[in-house]
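The chains referred to below are lettered A, B, ... by the order of the sequence lines, with proteins before strands, and numbering in each begins at 1. Remember, it's a predicted structure, so these values are computed and weren't measured experimentally.
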Amino acid sequence: MTTTPETHDVPFDQLPPDERLFRMRHSAAHVLAEAVLEMFPEAKYAIGPPVENGFYYDFDLPRPLTPEDLVALEARMRVSIARDVAIRGEQIPKAQAREIFKDQPYKLELIDGIEDDTVGHFMHGDFEDLCRGGHTERTGQVGAFTLDRVAGAYWRGDEHNAMLQRVYGLLFATEAELEAFKVQRAEAERRDHRRLGRELDLFHLDPISPGSPFYHPKGAVLYNALIDYLRDLYLEYDYSEVITPQLFSTDLWKVSGHYQNFGGDMFLFQPEDEGELGIKPMNCPGHCWLFKSGHYSYRDLPLRLAEFTRLHRNERSGVLHGMTRVRSFAQDDAHIYCTPEQFDTEVARFFEMSKRIYADLGLGDPVIRLATRPEKYIGEIADWDAAEALLGRVINEAGYEYVLAPGEGAFYGPKVEFHMRDALGRSWQLSTIQIDQAMPGRFGLEYIGDDGEAHTPLMLHRAILGSLERFIGVYTEHTAGRFPLWLAPVQAMVIPIADRHVEYAEQIRKTLRARGLRVQVDTSNERMGAKIRNAQLQQVPYMLVVGDREQEANAAAVRDRAGGDLGAMPLDAIMAKLIEERDTRALSHEVAPSA
RNA sequence: GCCGCUGUAGCUCAGUGGCAGAGCAGCUGUUUCGUAAACAGCAGGUCGUGGGUUCAAGUCCCACCGGCGGCUCCA
């Protein structure tokens with residue numbers, strides 16, 4: 001969204017809605033700064049932009065803000081808004097701005113960073129701010145807002161700088177929209193994977209091993225079902241699964257360059273009489289080592305080495321987050337070694353396979369970022385340009401849109417990232433494909449070409465689900481725990497109405513289990529209604545209720561978790577239905593694709 | 001790692017200087033039931049950990065550990 005320095009030539013109420021909202025949020029940030037400066041005259045104020053769902057403003061204050069302060073600040077803001085004063089803007093020479101903001105070090109730093117000769121100067125009432133503009137005409141137009149929370153934020157996002165206090169506000173055009181957002185956020189909290197993981201008995205995180213999930217039996221079923229699915233695809237797409245060590249001499253990462261760059265994020269230790277060892281944080285060096293141990297010709301390529309073993313990274317303590325940011329995880333990782341001629345096809349095949357997986361899982365379209373050459377890079381610019389162009393083209397050919405992330409590529413090559421949002425709207429990277437122009441050379445990898453000469457293979461890093469932990473976290477939220485039948489830890493619950501039906505229920509379980517279905521019998525001393533409720537809450541796809549009538553007819557009354565009583569069906573028909581749903585990996589209608 | 005908040009039963013939470021509580025879950029008994037919660041009883045806590053203040057600390061102070069929300073980082 002762009003804004004021009006204020007002219008107010010288009011009346012505020014005639015602007016497009018998203019521009020109006022942007023301006024409301026921006027003006028509210030100014031009103032917030034005004035309130036903070038009233039409360040703390042010695043406050044230093046930094047920046048205050050509009051953001052998704054609202055706005056924030058960063059301050060350097062004499063003391064930490066409390067929740068009570070937010071209430072008081074909000075009240076002061078409402079006074080300013082009730083006054084409904086004009087918001088005026090003008091361009092002024094830098095020298096004049098430096099005089100106005102002479103006691104505001106952050107503003108002075110911003111002025112120094114502006115390339116023009118003049119800077120924007122905005123005022124309402126007694127408040128003035130350095131600002132590029134984009135405001136409502138009056139403070140009374142800012143809409144419905146509430147101050148949400150206070151958080152720490154480094155000045156200019158750099159951890160070497162001062163830590164400021166960031167006040168976040170929520171703001172929407174109307175009270176109804178603000179309320180709707182709060183309701184939606186509360187709903188999202190109910191499907192938070194950390195909560196569902198416990199309620200559905202899938203996994204939990206425990207202080208005994210921070211950042212390393214405990215998979216309970218049901219969670220392990222889900223984990224393994226995903227891997228089984230991927231193995232099926234690997235067969236179809238000609239991947240070869242390997243298992244490489246967990247523990248390596250750090251010599252390995254000295255060759256790959258990871259030791260120098262990321263040694264601090266690895267778990268390293270030094271046993272007696274041995275050199276330094278480390279637990280692997282990624283598979284690529286091990287795969288290169290495996291490649292190096294063999295002799296390959298062009299006829300053996302492409303070689304697609306896949307691995308599911310566990311990885312460990314010593315993430316900084318403050319960043320751990322449920323299953324989406326962990327220390328111990330597995331990836332659906334693979335490295336593809338190929339010839340230059342095979343390269344385009346391999347990249348295209350990755351997108352084809354990704355699209356297939358996203359469709360099978362009902363994930364909807366991800367946000368795709370193409371991260372290009374960073375400032376520190378290796379290799380030739382021409383190669384980078386070619387690789388970036390190729391990735392862009394293949395993304396489009398796969399029918400996806402992408403956004404450019406200039407300069408965010410890895411030092412060894414450009415990468416494509418697929419991002420999905422969790423229940424709270426936070427974006428997480430799942431899939432990635434990276435072109436590696438460094439590692440094969442570092443490891444001295446070679447294959448014999450059809451010319452009889454040794455060549456360095458090209459290398460691709462790729463993962464589709466990404467980390468299984470992160471995927472399970474995001475997918476649990478995406479589905480609210482209503483996994484499609486083929487992934488559901490318990491696919492059907494048999495519910496005997498009275499004790500005399502337990503034996504028949506057990507027969508059903510055995511029959512279905514013999515066909516590989518995951519079925520349990522609820523033998524608890526509860527009424528049928530309670531058993532149904534429990535199965536519903538556990539998101540079991542089907543409930544098979546059995547009483548006298550069903551036992552008589554060799555049938556069960558089928559109920560699906562969407563709430564429907566499907567009526568009595570013969571056992572054979574039930575079995576066929578469940579197997580069909582499993583083998584086609586049918587999506588439950590609750591998991592319909594969504595953006 | 002940094003800023004702020006936070007930690008009481010398996011879970012959700014009440015208790016704000018004076019005898020550790022509730023609901024759900026669990027266990028036992030009764031009940032044998034037709035599509036989202038039967039009834040009764042019992043049990044369950046070194047109040048995150050370690051120091052300190054106080055006649056007295058779940059409650060106040062300090063440190064550490066974990067969690068939450070951000071920031072930063074993400075091979």
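- Base pairing of B:C24: its partner is B:G10, meeting the Watson-Crick or G-U wobble criterion (both donor-acceptor distances under 3.5 Å).
- If you check every strand for non-hydrogen atoms under 4.0 Å, A:Asp206 touches nothing.
- If A:Pro64 and A:Met439 are placed on RNA chain B by their nearest nucleotide, the residue sitting closer to the 5' end is A:Pro64.
- The residue A:Arg149 sits close only to the backbone: its heavy atoms come under 4.0 Å of sugar-phosphate atoms, none of a base.
- Note: NE2 (A:His204) to P (B:C11) measures 9 Å, nearest angstrom.
- Closest to the side chain of A:Ile497, out of B:C33, B:C71, B:C3, is B:C33.
- Contact annotation: the side chain of A:Arg470 approaches that of A:Leu430 to within less than 4.5 Å [non-hydrogen atoms, C-beta and beyond].
- Nucleotide B:G69 holds its C1' atom 11 Å from the CD atom of A:Glu189, rounded to whole Å.
- If you check every strand for non-hydrogen atoms under 4.0 Å, A:Gln536 touches a base.
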Between side-chain atoms of residues 200-214 of chain A and protein atoms elsewhere (two or more places apart, or another chain), which donor-acceptor pairs fall under 3.5 Å?
residue  : atom : partner  : partner atom : Å
A:Asp201 : OD1  : A:His216 : ND1          : 2.6
A:His204 : ND1  : A:His216 : NE2          : 2.7
A:His204 : NE2  : A:Asp206 : OD2          : 3.0
A:Asp206 : OD1  : A:Ile208 : N            : 2.9
A:Ser209 : OG   : A:Ser212 : OG           : 3.3

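- Toward the 5' end of RNA chain B, the nearer of the two residues A:Arg195 and A:Gly567, judged by each one's closest nucleotide, is A:Arg195.
- Across all strands shown, the partner of B:C60 is B:G52, judged by Watson-Crick or G-U wobble contacts whose two distances both fall under 3.5 Å.
- Residue contacts shown for A:His501 are absent, as no nucleic acid heavy atom lies under 4.0 Å away.
- Put simply, the side chain of A:Ile243 does not reach to within 4.5 Å of the side chain of A:Phe308, judged on heavy atoms.
- Taking 4.5 Å as the limit, some side-chain heavy atom of A:Glu477 sits within range of a side-chain heavy atom of A:Asp192.
- When the C1' atom is used for both B:G48 and B:U32, the distance is 45 Å, rounded to whole Å.
- Among residues two or more places apart in sequence or in another chain, the side chain to side chain contact (heavy atoms under 4.5 Å, CB included) test is passed with A:Glu199 by A:Arg195, A:Leu196.
- Across all strands shown, B:A75 forms no Watson-Crick or G-U wobble pair with both key distances under 3.5 Å.
- You'll find a donor-acceptor pair under 3.5 Å spanning the side chain of A:Glu550 and the base of B:G34, going by distance alone.
- Applying the 4.0 Å criterion to OP1 and OP2 of B:G69, one finds that A:His321 has a side-chain N or O inside that range.
- The side-chain heavy atoms of A:Tyr402 and A:Val416, taken from C-beta on, include no pair separated by under 4.5 Å.
- A:Arg527 has its CZ atom 6 Å from the C1' atom of B:C33, to the nearest Å.
- The partner of B:C19 cannot be assigned: no Watson-Crick or G-U wobble pair with both contacts below 3.5 Å exists in any strand.
- Looking at the side chain of A:Ala410, the nearest of the listed nucleotides B:G69, B:U35, B:A75 is B:A75.
- By the 6.0 Å and 45° rule, A:Lys292 does not stack over the aromatic ring of A:Phe443.
- Taking every side-chain heavy atom of A:Pro207 into account, B:G66 is the closest of B:G66, B:A75, B:U35.
- Rounded to a whole Å, the CD atom of A:Gln551 is 13 Å from the P atom of B:C33.
- Phosphate proximity of B:G34 to A:Arg559: absent, as no side-chain N or O sits under 4.0 Å from OP1 or OP2.
- Using a 4.0 Å heavy-atom cutoff across all strands shown, A:Arg166 reaches sugar-phosphate atoms only and no base atom.
- In this structure, A:Gln331 places its CD atom 11 Å from P of B:A75, rounding to the nearest Å.
- Using a 4.0 Å heavy-atom distance criterion, A:Asn525 is classed as a base contact.
- When both distances must be under 3.5 Å, the Watson-Crick or G-U wobble mate of B:A38 is B:U30.
- Comparing B:A9 with B:A22, their P atoms sit 14 Å apart, to the nearest whole Å.
- Side-chain contact check for A:His287 versus A:Glu307: some heavy-atom pair is nearer than 4.5 Å.
- B:C65 sits 14 Å from B:G51 when the C1' atoms are compared, rounded to a whole Å.
- On the P atoms, B:G34 is 33 Å away from B:A43, given to the nearest whole Å.
- Judged by the 6.0 Å distance and 45° axis criteria, A:Arg25 is positioned over the aromatic ring of A:Phe172.
- Side chain of A:Arg500, nearest nucleotide from B:C33, B:U12, B:G66: B:C33.
- Comparing B:U16 with B:C3, their C1' atoms are spaced 26 Å from each other, to the whole Å.
- Within 4.0 Å (heavy atoms only), A:Arg549 reaches at least one base atom of the nucleic acid.
- Whole-Å rounding puts the A:Tyr168 OH to B:G4 C1' distance at 12 Å.
- Here B:A37 is the nucleotide among B:A37, B:G70, B:A75 with the atom lying nearest to any side-chain atom of A:Ala530.
- Ring geometry for A:Tyr45 versus A:Tyr57: interplanar angle of 30 to 60°, hence tilted.
- As rounded to the nearest Å, B:C47 and B:C74 have C1' atoms that lie 38 Å from one another.
- For the P atoms, the distance from B:C61 to B:C27 is 41 Å, rounded to whole Å.
- Atom C1' of B:U59 sits at a distance of 15 Å from the matching atom of B:U6, rounded to the whole Å.
- Within 4.0 Å (heavy atoms only), A:Gly547 reaches at least one base atom of the nucleic acid.
- Within the nucleic acid shown, A:Gln538 has no heavy atom closer than 4.0 Å to any nucleic acid atom.
- Across all strands, A:Leu537 comes closer than 4.0 Å to base atoms (heavy-atom distances).
- At least one cation-pi condition fails for A:Arg462 and A:Phe350: the charged atom is not both under 6.0 angstrom from the six-membered ring centre and inside a 45 degree cone around its axis.
- Per the geometry, CD belonging to A:Glu526 stands 15 Å off P belonging to B:A36, to the nearest Å.
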List, with names and distances, any nitrogen or oxygen atoms from the protein found under 3.5 Å away from nitrogen or oxygen atoms belonging to nucleotides 72-74 of chain B.
residue : atom : partner  : partner atom : Å
B:U72   : O2'  : A:Glu159 : OE2          : 3.4
B:C73   : O2   : A:Arg325 : NH2          : 3.3
B:C74   : O2   : A:Arg325 : NH1          : 3.0
B:C74   : O2   : A:Arg325 : NH2          : 3.0

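- Rounded to an integer number of Å, the gap from CD of A:Gln434 to P of B:A75 is 7 Å.
- Between A:His26 and A:His30, the ring planes are perpendicular. Angles over 60° get that label, and only those under 30° would be called parallel.
- When heavy atoms are screened at a 4.0 angstrom cut-off, A:Phe411 is found touching no nucleic acid atom at all.
- Counting non-hydrogen atoms under 4.0 angstrom, A:Glu199 reaches nothing in the nucleic acid.
- Among the protein residues, A:Ala557 comes within range of the nucleic acid bases, having at least one heavy atom under 4.0 Å from a base atom.
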